Amino acid sequence: MAKNKKNKKSMALRADRHALYQESVQDSEFELDFVQDTYKDIRKRKPVTLREDFAGTARSACVWTKRNKNNRAWAVDFDEEVLEWGRKHNLEKLKPKQRERVEFIQSDVLTVKTPSVDVVLAFNFSYWIFKQRQQLLGYFKSVHKALNDDGMLFLDAFGGSEAHSTQVEKHKLDGFTYHWDQHSYNALTQDMQCYIHFRFPDKSRLDRAFSYSWRLWGGQEIDDLLIEAGFSKVRFFVQMFDDDSGEALDEFEETREVVDHECWIAYIVAEK
Ligand SMILES: C[S@@+](CC[C@H](N)C(=O)[O-])C[C@H]1O[C@@H](n2cnc3c(N)ncnc32)[C@H](O)[C@@H]1O
């Protein structure tokens, strides 16, 4: 008995970090509902073509093609390992006809060439990897070019006093705990180093399963760069909180004002 126990691999060793990521960080269904509804409200038509930048496992691109038989998607990431995981676990789950409407592209988002699309997504703050103004401007310009005339870029951002500090946020999920670790922060340059760790009930751990070196861009800075890149209008949709409990709600409201808040999170929608 004891011997078996010893030989048994820990939960961390048996875990798949990409599956845990998708479970804890990504809600493609919710994000795509937001994209579809917002695009339709503004443009009075449904978007059909979508490019998922910094796609990772390309989950959103795959879900997009399942939603409508006319939908097409391109998923762009420069890391072959994560794209390969996405082919095996997300693409393979689609029906053959749906699979034909998704293309995985291993490329840098700064230089990728894709057909013109209605929507480009860059979620989970991935564009914060571009720390220099010229780099981020160059990225926004290249997205602007890749969009149809009535196309839109969807981004997200967070901020508030807690964003400018080191802290670890823990969420207990089914079978593991997700840790968001704002590990270090340079208050001068706004450079931040963040990690995702996973902890398991058998006390084993996957430390630094994912690592992010970002610049904490401010909302107005992002708005300015998008306009400079050629976008005609930028909207912020900020997550709402329950007045009584203070709990974050699954509701995002268009606003230009977040009053002295310790933590805000928003979708940013840039219209071509
Ligand atoms: C935080 S993950 C995003 C995953 C997913 N899109 C999401 O919303 O959760 C960031 C991904 O961006 C990719 N990446 C970072 N810089 C990139 C670049 N310049 N071009 C293409 N992919 C990049 C990384 O390989 C990684 O898979």
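Each ligand, and each atom within it, is numbered from 1 in the order the structure gives. Every value quoted in this text rests on a predicted model; they were computed, and no experiment measured them. Residues take their numbers from the sequence shown, with the count starting at 1.
- Checking Ile42, Val35, Asp41 one by one against Thr38, the side chain to side chain contact (heavy atoms under 4.5 Å, CB included) holds for a single residue, Ile42.
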Considering only distance and modelled atom types, tabulate donor-acceptor pairs under 3.5 Å from the side chains of residues 242-251, sequence neighbours left out.
from: Asp242; atom 1: OD1; to: Asp244; atom 2: N; distance (Å): 2.9
from: Asp242; atom 1: OD1; to: Ser245; atom 2: N; distance (Å): 2.8
from: Asp242; atom 1: OD1; to: Ser245; atom 2: OG; distance (Å): 3.3
from: Ser245; atom 1: OG; to: Glu247; atom 2: N; distance (Å): 3.2

| Going through the checks in order, is the salt bridge (Lys or Arg N to Asp or Glu O under 4.0 Å) test met by Asp150 and Arg45? | CA-CA 10 Å; Asp150 59 352; Arg45 75 169 181 95; 3.0 Å; yes
Taking distance alone, no hydrogens or angles, what donor-acceptor pairs closer than 3.5 Å link side-chain atoms of residues 186-197 to residues at least two apart or in another chain?
from: Asn186; atom 1: OD1; to: Leu188; atom 2: N; distance (Å): 2.8
from: Asn186; atom 1: OD1; to: Thr189; atom 2: N; distance (Å): 3.2
from: Asn186; atom 1: ND2; to: Thr189; atom 2: OG1; distance (Å): 3.2
from: Thr189; atom 1: OG1; to: Asp191; atom 2: N; distance (Å): 3.3
from: Gln190; atom 1: NE2; to: Leu216; atom 2: O; distance (Å): 2.7
from: Asp191; atom 1: OD2; to: Lys131; atom 2: NZ; distance (Å): 3.2
from: Gln193; atom 1: NE2; to: Ser211; atom 2: OG; distance (Å): 3.1
from: Gln193; atom 1: NE2; to: Tyr212; atom 2: O; distance (Å): 3.3
from: Tyr195; atom 1: OH; to: Arg208; atom 2: NH1; distance (Å): 3.4
from: His197; atom 1: ND1; to: Arg208; atom 2: N; distance (Å): 2.8
from: His197; atom 1: NE2; to: Asp181; atom 2: OD2; distance (Å): 2.9

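- Within 4.0 Å of ligand 1, protein heavy atoms come from Tyr21, Gln26, Glu52, Phe54, Ala55, Gly56, Asp77, Phe78, Asp79, Val82, Ser107, Asp108, Val109, Phe123, Asn124, Ser126, Ile129, Phe130, Tyr212.
- With sequence neighbours left out, the salt bridge (charged side-chain N to carboxylate O under 4.0 Å, His left out) criterion links Arg133 to Glu228.
- The number of heavy atoms from other shown groups lying within 6.0 Å of CD (Glu92) is above 12.
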